[in-house]
Amino acid sequence: MQLTATQIETFHHEGYLAVEGVLDSADLDPLIADFDVLVDEVAQDLYGEGVISEHYADEPFERRIALLSRAIGGSLQARVSFPNNLRRPLFDFLNNKKLHDLLEGLVGAEIYCHPCQHIRPKLPEGFVGPGYEDFAGKSPPHQDAGVLLPEADETLVVTSWIPLVNATEETGTLQVYPRAHRGEIRQHVHAPGYGLTIEPTQMPEVQPVTVPVGKGGVLLLHGRTPHGSEANRSDIVRWSMDLRWNDARQPSGRPLPGLLVRSEENPLTTYQDWLDAWKEVRADTQPRKMWRW
Ligand SMILES: O=C(O)CCC(=O)C(=O)O
Ligand SMILES: [Fe+2]
């Protein structure tokens, strides 16, 4: 599916665009099945380490990681997200042509899959006690461009936010500040336990819009569009992925390995290239500047 001229215009005017029905079960099922396998492996490890006394093996994808997280009193996000998870089904998903077709209208035909990306099992609020807000997964308002290095200030890095369950207001879908992506990158400050957030005096004057996105849909965000999310008030995990993309010929602002996924000019990144690049990063002990603030 390619974006229409009207959709592209809306994206640039509003700073975001929700597109329903981009992906179907043939796209999502193999990935979700692999997350299931991965969560099972995590459960086996935790059980082996004596940290949990139950595997929760009969629990569905939408619940199991919440029960495991509660049992350990902490977050398991890092275990299932990049770069701990560099599994083949994830690589295949990053190479999904439907996503590239969609992105091509915004970033052009030389497409780089940006290394700043996350898989977020956002836990139901009721599962986490006080003090664990950081893994309840509320995201304070921020611009994704605000977490990259200034070298990427002129690069349009598009975020594709992809829920793996229906993302509704109740499950804590994204909230987006419309038409607030113009102008300079706003000053960000560290919000304890939450990462970077826009400095309060620089907050947009508009009210945020809650954007529900059905499973199979994709929410596209301009890198300077302020957005965040509230708590997940449902009783299922709001699994989502945020993947970023830019014109491969422009700086990404994050000195870590991404992937060339569509190009007429250069060979695409193979699975082995990707693994090797991350291996090199892990072996490199030199400090790397990753964030502007
Ligand atoms: O998933 C969330 O709640 C936050 C995601 C986000 O900030 C992003 O996709 O850039
Ligand atoms: Fe973000």
Side-chain angles (χ1 to χ4, degrees), residues 11 15-19 22 35 62 65-66 75-78 80-82 94 99 102-103 106 113-125 128 132-148 152 155-178 180-181 185-186 188-191 193-198 203-204 208-215 217-234 236-246 252-254 258 290-293:
F11 173 87
Y16 72 100
L17 178 76
V19 190
V22 177
F35 284 141
E62 293 83 1
I65 197 166
S75 173
L76 290 167
Q77 177 168 332
V80 298
S81 190
F82 305 89
L94 300 177
L99 287 177
L102 202 68
L103 268 300
L106 302 176
C113 178
H114 195 280
C116 175
Q117 41 199 16
H118 305 94
I119 295 156
R120 300 180 200 253
K122 175 159 156 164
L123 306 187
E125 185 177 47
V128 290
Y132 294 112
E133 291 84 355
D134 51 343
F135 68 88
K138 260 189 192 175
S139 296
H142 64 278
Q143 295 168 297
D144 286 350
V147 304
L148 303 178
T155 306
L156 172 60
V157 180
V158 176
T159 296
S160 57
W161 188 82
I162 305 171
L164 301 177
V165 298
N166 288 328
T168 60
E169 181 168 7
E170 198 193 5
T171 57
T173 191
L174 285 204
Q175 295 193 324
V176 180
Y177 294 77
H181 59 299
I185 295 171
R186 295 160 199 257
H188 284 61
V189 291
H190 290 270
Y194 286 124
L196 286 166
T197 186
I198 297 174
M203 277 296 288
V209 184
T210 300
V211 188
V213 188
K215 183 177 172 186
V218 177
L219 172 57
L220 299 166
L221 293 172
H222 186 289
R224 292 194 187 192
T225 298
H227 61 280
S229 67
E230 290 296 326
N232 173 0
R233 292 181 281 104
S234 75
I236 61 161
V237 178
R238 192 221 65 190
W239 280 90
S240 66
M241 311 179 67
D242 37 282
L243 310 176
R244 292 177 184 71
W245 316 83
N246 61 278
S252 75
R254 181 56 62 85
M290 303 269 204
W291 290 280
R292 156 200 315 255
W293 286 297

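Order of listing sets the numbers, starting from 1, for every ligand and every atom in it.
Side chains of P124 and V237 form a contact here, defined as non-hydrogen atoms less than 4.5 Å apart. Looking at heavy atoms from C-beta onward, L148 lies out of side-chain contact with R292 at the 4.5 angstrom threshold.
Checked against V189 for a side-chain contact (heavy atoms from CB on, under 4.5 Å), the options T197, I198, L196 give a single hit: T197.
Using a distance-only test at 3.5 Å, with no hydrogens or angles considered, a donor-acceptor pair links the side chain of R244 to the main chain of C116. In terms of modelled atom types and a separation under 3.5 Å, the side chain of S81 and the main chain of A78 share no donor-acceptor contact. Within the 3.5 Å criterion, the main-chain N or O of R186 finds a donor-acceptor partner in the side chain of Q143. Here the side chain of S234 pairs a donor or acceptor atom with the backbone of I236 at under 3.5 angstrom.
Of all atoms in ligand 1, numbered sequentially from 1 with element shown, those under 4.0 Å from a heavy atom of S139 are 2 (C), 3 (O), 4 (C). Proximity to R244 (heavy-atom distance under 4.0 Å) selects the following atoms of ligand 1: 8 (C), 9 (O), 10 (O). Taking every non-hydrogen atom of H142 and a distance limit under 4.0 Å, the qualifying atoms of ligand 1 come out as 7 (O). Close contacts between ligand 1 and S229 involve ligand atoms 2 (C), 3 (O) [criterion: under 4.0 Å to a heavy atom].
By the criterion of a heavy-atom distance under 4.0 Å, the side chain of H227, and not its backbone, is placed next to ligand 1. Contacts of L174 with ligand 1, taken as heavy-atom pairs under 4.0 Å, involve the side chain alone.
With no hydrogens or angles considered, no side-chain donor-acceptor pair links T171 and K122 at under 3.5 Å.
An N or O contact shorter than 3.5 Å links R238 to ligand 1 by distance.
The single protein non-hydrogen atom nearest to atom 9 (O) of ligand 1 is D242 CB, 3.0 Å, given as residue, atom name and distance.
Take the Fe ion (ligand 2) and draw a sphere of radius 2.8 Å; the protein N/O/S atoms inside it number 3.
H142 and H227 have their aromatic ring centers within a separation under 6.0 angstrom. Between H114 and W245, the ring centre distance reaches or exceeds 6.0 Å.
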